[in-house]
Amino acid sequence: MLASRTFAGALLALTIALAPAGTALAETAHGHGASGAPLELVLDNGSKWQTDDPLRAGMSAIRTALEGSLPAVHDGKFAAQDYADLARNLEKEVDGIVTNCKLPEAADGQLHIILTQLLDGTGIMKNAAEQASGVVKIVEAVNAYGEHFDHPGWQKLPL
């Protein structure tokens with residue numbers, strides 16, 4: 001458990017520090033070589049990418065946590081500690097996805113674009129001046145996941 005927390009923390013710190021290279025970092029962090037060129041989120045020859053149970057469970061947990069938080073965020077009633085708690089919760093879910101998800105290489109590369117956006121958003125949420133914009137970035141990533149990955153019953157979140 002400590003090792004996975006350390007991994008998530010290290011991944012987050014590196015992602016924030018190297019934000020422009022985030023996509024390549026996410027590829028490298030999950031065991032794939034980075035090509036150096038930024039990746040674009042695309043469909044799998046016109047179809048959504050495969051998912052597996054750990055990915056669907058982790059992304060569902062992320063979506064549920066966001067959905068429950070959005071009313072307070074929109075009303076300006078989400079405190080700094082609430083943002084920090086939500087960021088930690090989402091980072092834990094991302095860590096679980098990275099640890100347990102086993103997708104084919106092409107789908108995995110696309111997933112890392114989403115995971116990088118999620119971690120970028122949690123990093124922003126930890127900055128007192130921009131916390132709500134971190135939530136927006138995460139909602140956009142979650143919605144992009146639903147547009148590009150086959151997750152039965154997935155519902156888009158409102159911004």
Side-chain angles (χ1 to χ4, degrees), residues 1 3-16 19 22-32 34 38-74 78 82-126 131-159:
M1 184 67 157
S4 63
R5 281 191 207 155
T6 302
F7 173 76
L11 180 59
L12 175 63
L14 286 172
T15 299
I16 292 167
T23 302
L25 172 65
E27 280 189 82
T28 304
H30 199 59
H32 303 288
L39 296 176
E40 180 183 340
L41 196 57
V42 297
L43 292 171
D44 181 14
N45 295 315
S47 298
K48 291 183 177 185
W49 295 98
Q50 295 177 22
T51 58
D52 62 9
D53 289 338
L55 173 57
R56 288 188 299 273
M59 290 303 295
S60 291
I62 288 169
R63 189 195 178 287
T64 298
L66 282 172
E67 185 175 39
S69 301
L70 286 176
V73 170
H74 286 150
F78 217 57
D82 296 326
Y83 283 106
D85 292 344
L86 179 59
R88 274 193 302 280
N89 181 19
L90 300 181
E91 288 167 354
K92 182 180 114 186
E93 293 300 335
V94 169
D95 184 48
I97 291 168
V98 170
T99 301
N100 299 307
C101 179
K102 308 294 182 222
L103 297 180
E105 188 173 344
D108 188 63
Q110 291 294 295
L111 176 61
H112 283 285
I113 296 170
I114 300 292
L115 297 180
T116 297
Q117 291 173 335
L118 289 171
L119 291 175
D120 286 349
T122 62
I124 293 168
M125 286 171 56
K126 293 178 180 180
Q131 291 172 314
S133 65
V135 173
V136 169
K137 186 170 187 77
I138 293 167
V139 169
E140 289 171 347
V142 165
N143 288 341
Y145 164 80
E147 293 167 5
H148 292 85
F149 286 84
D150 185 17
H151 189 130
W154 189 262
Q155 301 258 334
K156 189 174 186 175
L157 285 171
L159 279 175

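Numbering starts at 1 and runs along the sequence shown.
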Minimum side-chain heavy-atom gap I124-Y83 below 4.5 Å: no
Note, E91 side chain near L119 side chain (heavy atom, < 4.5 Å): yes
Distance-minimising heavy-atom pair for M125 and A87: CE-N, 3.6 Å
V139 vs L70 side-chain heavy atoms within contact, under 4.5 Å: yes
Side-chain donor/acceptor of W49 to backbone N/O of V42, under 3.5 Å: yes
Residue pair L86 / I138, side-chain heavy-atom distance below 4.5 Å: no
Check: D53 and N100 side chains under 4.5 Å, non-hydrogen atoms: no
Heavy-atom donor-acceptor pair, H148 side chain to D44 backbone, under 3.5 Å: no
Spacing of S60 atom OG and E67 atom CD [to the nearest 0.5 Å]: 11.0 Å
4.5 Å side-chain heavy-atom contact, L41 and Q110: yes
Worked verdict on D85 versus F78 for side chain to side chain contact (heavy atoms under 4.5 Å, CB included): CA-CA 11 Å; D85 292 344; F78 217 57; over 6 Å; no
Value rounded to 0.5 Å, distance of CD1 in I62 from CG in L157: 11.0 Å
Positive for side chain to side chain contact (heavy atoms under 4.5 Å, CB included) with I97, one of L111, L118, L103: L111
Spatial distance of atom CG (L115) from atom SG (C101) [nearest 0.5 Å]: 8.0 Å
Test: D95 and K92 ion pair at under 4.0 Å: no
Check: R56 side chain, P152 main-chain N or O, donor-acceptor pair, under 3.5 Å: no
Gap separating the CE atom of M59 from the OG1 atom of T64, nearest 0.5 angstrom: 11.0 Å
Value rounded to 0.5 Å, distance of CG in N143 from CZ in R63: 8.0 Å
Candidate list K48, H151, E140, test side-chain hydrogen bond (donor to acceptor under 3.5 Å, both in side chains), partner Y145, passing option: H151
K102 to D52 - nearest heavy-atom pair and separation: N-OD2, 2.7 Å
